[in-house]
Protein chains: 2
Amino acid sequence: MEARTQVDRIYQQLLEAIVRGDIAPNERLRESELSTELGISRGPLREALHRLESRRLVRKVPHVGAQVVGVDRQELIELYQIRENLESLACELAAKHMTDEALQELGAVLVRHERYLDDQNDQFYIQQEGDLDFHFNIIQASGNRWLISLLCDELYQRVRMFRFQSAHRRGRPRQALEEHQRIFEALQQRDGELASLLMKRHIRSARRVLEQTTEETLL
Amino acid sequence: MEARTQVDRIYQQLLEAIVRGDIAPNERLRESELSTELGISRGPLREALHRLESRRLVRKVPHVGAQVVGVDRQELIELYQIRENLESLACELAAKHMTDEALQELGAVLVRHERYLDDQNDQFYIQQEGDLDFHFNIIQASGNRWLISLLCDELYQRVRMFRFQSAHRRGRPRQALEEHQRIFEALQQRDGELASLLMKRHIRSARRVLEQTTEETLL
DNA sequence: TATCCTTCTATTGTAGACAATCTATGGAAG
DNA sequence: CTTCCATAGATTGTCTACAATAGAAGGATA
C-alpha cells in the first residue's frame with residue numbers, strides 16, 4: 001500500500017479524511033499548519049490540495065486559501081441525476097461485455113451484502129460499502145474507461161462524503177438490495193435494455209427520497 | 001484576461017497548446033525545459049501539470065515524467081457514448097429551466113453557425129467552434145452544476161483535441177446543423193422529452209460515423 | 001460614534017538549491 | 001555475441017527561504 005510519492009500518499013490521506021468527515025465541511029485548510037501536521041513540506045501538500053480541488057472536494061481562492069467544500073442537498077440531487085444516466089449506460093455496456101467471472105463476482109457481492117443486512121443491521125459503514133461495491137463492479141464491467149473514471153474517481157467520492165455527513169442509515173436498504181438483485185438477474189440474462197432501465201429506476205428512487213426529505217431531516 | 005496566478009496562466013496556456021496540437025500527442029514534457037521556456041520556475045509548472053493530469057490531458061509516471069496523452073478512436077467513441085447520455089439529460093433539464101433570453105441566444109448561435117457554413121465553408125476552426133457553442137449553451141442552461149463542469153471542463157477539451165488531431169472537416173456539417181435546429185425547436189416548445197431524444201440521436205449519429213470510419217481515414 | 005485610511009501580520013505564491021530515482025551507456029563475464 | 005551489472009547523467013521529487021497579497025487591527029478624522 002506504499003504510495004510511490006508523497007503527493008499520492010498525502011492526497012489519499014486527505015481524501016479519506018474529508019470524505020469520512022474527519023475534516024469537517026467548510027473547514028479551512030492552512031498549508032503550513034497541515035504540512036507540519038503531516039510531517040512534510042508545503043510543496044507536495046500544495047500539489048495534493050490542487051488535486052483535491054480538481055476532484056471538487058476542496059475549493060481554493062487565489063491568495064486566500066483552501067477549504068473543504070460544503071454539502072447541500074441540491075448538489076446531491078444533481079449528482080443523482082447524472083448517476084441515473086451514466087450508470088444505466090454502464091449496465092447496458094456491462095450486459096454486453098461482462099465476463100462470466102465478473103458476473104459471478106457480482107453475485108457474490110450481493111450475497112455478502114445480504115448477509116451484512118441480516119447480521120449487523122445497523123453498521124452504517126459496512127452497509128454503505130456493500131451497496132457501493134455492487135455499483136462499482138458494474139461500472140468496472142462496462143469497459144468504458146471514461147465512464148469508470150468519472151463515476152468511481154469523481155462522483156462517488158462526493159456521494160460517499162454526503163452519506164457520511166448526513167450520518168443517516170439509508171432509508172430503504174432492504175428494497176435497494178432487492179432492486180440490486182433484479183438488476184443482477186437482467187445482467188445474467190444479458191438483457192442490457194432491462195438492466196439499464198432497472199438501474200435508472202433504482203437510482204431515481206433514491207433521488208426521489210432525497211427530494212422529499214426536508215433539509216432538517218437529512219442535512 | 002489576466003489570470004490571478006501563474007499556475008492558472010500556465011495551465012490555460014498549456015491546455016490550449018495541447019488541445020490545438022501545438023504540443024503533439026505523446027510528446028514528453030520535461031519540467032526544466034518547459035519552465036525556462038515559459039519563464040517561470042518549476043513549482044508552478046508542476047502544479048499546472050498536475051492539473052492537466054487531473055483533466056486527463058497529460059499522463060504522469062512517478063519519477064519518470066509527464067507526457068501528453070495520445071489519441072485513439074476507441075476512446076473517442078467511449079466519450080461519445082457518455083455524451084449521448086449526459087447531453088440528452090442536459091436537454092431535458094434545459095427545456096425546464098431555460099430562460100427566454102437563453103433561448104433567444106441559442107437561436108442566435110444557430111443563425112451565426114448557418115452563416116459560417118455558407119460563407120466560409122471550409123474554415124475548420126470556426127465551424128467546430130460554432131458547433132460546440134450550440135452544445136455549450138444547452139449544457140449551461142441545464143443548471144446542473146456537475147453536468148456543466150463535467151461536460152465543459154473535462155469531456156469537451158478532449159473532444160476538441162481529437163478534432164484538431166484528426167484535422168478533418170466533420171463529415172456531415174449540414175445535416176448536423178439541421179439536427180441542431182430541430183433540437184432548438186423542441187426546446188422552444190419546452191418539449192424536454194423530444195429535445196432529449198433528438199440530442200441523443202444527434203450524438204449517436206456522429207458516433208456511428210466514427211465507428212464506421214477506418215483507422216487510416218480518421219487518425 | 002462611525003468611517004476611512006494606514007500599517008501590520010498571517011498566509012499564500014514563487015524561486016532556487018538539494019536529494020532521490022530512473023534510464024542509458026559502457027564494460028566485463030559467460 | 002549476448003547478457004548482466006555498474007556507473008554516470010539527466011530528470012523528477014522535496015525542502016527551505018523569500019516575495020507578494022489579502023485581511024485584520026488600530027488610529028485619525030469627520
Side-chain angles (χ1 to χ4, degrees), chain A residues 1-19 22-70 149 153, chain B residues 1-19 22-70 149 153:
Chain A
M1 209 53 186
E2 282 299 322
R4 293 189 63 83
T5 174
Q6 300 232 46
V7 181
D8 286 338
R9 195 167 51 83
I10 298 300
Y11 169 73
Q12 288 291 348
Q13 213 167 320
L14 286 175
L15 173 69
E16 202 59 22
I18 290 173
V19 167
D22 299 336
I23 305 179
N26 297 311
E27 185 168 329
R28 173 101 184 261
L29 299 171
R30 259 172 282 267
E31 293 179 2
S32 13
E33 189 179 314
L34 264 179
S35 60
T36 55
E37 204 170 301
L38 295 168
I40 56 166
S41 94
R42 279 179 53 221
L45 175 66
R46 281 178 62 86
E47 297 187 10
L49 286 178
H50 233 89
R51 199 138 122 201
L52 288 166
E53 190 194 14
S54 301
R55 291 282 188 269
R56 283 169 258 268
L57 290 168
V58 158
R59 260 185 59 200
K60 285 189 77 173
V61 180
H63 296 112
V64 174
Q67 62 176 11
V68 178
V69 295
S149 174
D153 294 343
Chain B
M1 209 53 183
E2 282 299 322
R4 294 187 63 83
T5 176
Q6 300 232 44
V7 181
D8 287 338
R9 194 167 52 83
I10 299 301
Y11 168 74
Q12 288 291 345
Q13 213 167 320
L14 288 176
L15 173 68
E16 203 59 21
I18 291 174
V19 166
D22 299 336
I23 305 178
N26 296 312
E27 185 169 332
R28 173 101 184 260
L29 299 172
R30 260 172 282 267
E31 294 180 2
S32 16
E33 190 178 315
L34 264 179
S35 60
T36 55
E37 202 171 303
L38 295 168
I40 56 167
S41 93
R42 278 180 53 219
L45 176 66
R46 281 178 61 87
E47 297 187 10
L49 286 177
H50 233 90
R51 200 138 121 202
L52 287 166
E53 189 194 16
S54 301
R55 290 281 188 270
R56 284 170 256 268
L57 289 168
V58 158
R59 259 186 60 201
K60 285 188 76 173
V61 180
H63 296 115
V64 174
Q67 63 175 14
V68 178
V69 294
S149 174
D153 295 343

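Hydrogens, waters and symmetry mates play no part in the numbers below; they use all other heavy atoms, side chains included.
Distances were taken from every side-chain heavy atom of B/Q6 (C-beta onward) to each of C/dT14, D/dT14, C/dT12; the shortest belongs to C/dT14. Nearest nucleotide to the side chain of A/V7, out of D/dT14, C/dT14, D/dG13: D/dT14. Closest contact between the side chain of B/R30 and the listed nucleotides C/dA15, D/dT14, D/dT12 involves D/dT12. The side chain of B/V64 sits closest to C/dT23 out of D/dT21, C/dT23, C/dT11. The nucleotide whose nearest atom lies closest to any side-chain atom of B/I40 is, among C/dT12, D/dC15, C/dA15, C/dA15. In the set D/dT16, C/dT12, D/dG23, the nucleotide with an atom closest to the side chain of A/S41 is D/dT16.
Here A/L49 lies out of heavy-atom contact (under 4.0 Å) with every strand. Contact annotation for A/G43: no contact, since no heavy-atom pair falls under 4.0 Å across all strands. A/I10 comes within 4.0 angstrom of no nucleic acid atom, judged by non-hydrogen atoms across all strands.
Taking atom CD on B/E53 and atom P on D/dG13, their separation rounds to 10 Å, with Å as the unit. For the pair B/K60 NZ and C/dT21 C1', the computed distance is 14 Å after rounding to whole Å. One atom, CG of A/D8, and another, C1' of D/dT14, lie 14 Å apart when rounded to the nearest Å. If you measure from atom CZ of B/R46 to atom P of D/dT11, you get 15 Å, rounded to the nearest angstrom. Between B/E33 atom CD and D/dT12 atom C1' there is a gap of 14 Å when expressed in whole angstrom units. Between B/L34 atom CG and C/dT14 atom P there is a gap of 16 Å when expressed in whole angstrom units. One interatomic measurement links the two molecules: CZ of B/R59 to P of D/dT12, which rounds to 15 Å at whole-angstrom precision. Rounded to whole angstrom, the span from the CD atom of B/E31 across to the P atom of D/dT14 amounts to 11 Å.
How far OG1 of B/T5 is from NE2 of A/H63: 6.0 Å, rounded to the nearest 0.5 Å. B/L52 CG to B/I18 CD1: the interatomic distance, rounded to the nearest 0.5 Å, is 5.0 Å.
For D/dT14, the OP1/OP2 oxygens have a side-chain nitrogen or oxygen of A/T5 closer than 4.0 Å. Remark: A/R4 is not in phosphate contact with C/dA20, judged by side-chain N or O atoms under 4.0 Å from OP1 or OP2.
The residue from A/E37, A/E31, A/E47 that alone fulfils the salt bridge (Lys or Arg N to Asp or Glu O under 4.0 Å) condition with A/R42 is A/E31.
The base of C/dG13 sits with one of its N or O atoms less than 3.5 Å from a complementary donor or acceptor on the side chain of A/R42.
Between the side chains of A/H50 and B/R51, a donor-acceptor pair is found at a separation under 3.5 Å.
In this structure, A/P44 and A/P62 both approach DNA chain D, and ranking their closest nucleotides by distance from the 5' end singles out A/P44. Of the residues near DNA chain D, B/S32 and A/H63, the one whose nearest nucleotide (by heavy atom distance) lies more toward the 5' end is B/S32.
Using a 4.5 Å heavy-atom threshold, the side chains of B/L15 and B/R55 count as separate. Here the side chains of A/L14 and A/L57 are not in contact, with every heavy-atom distance at 4.5 Å or above.
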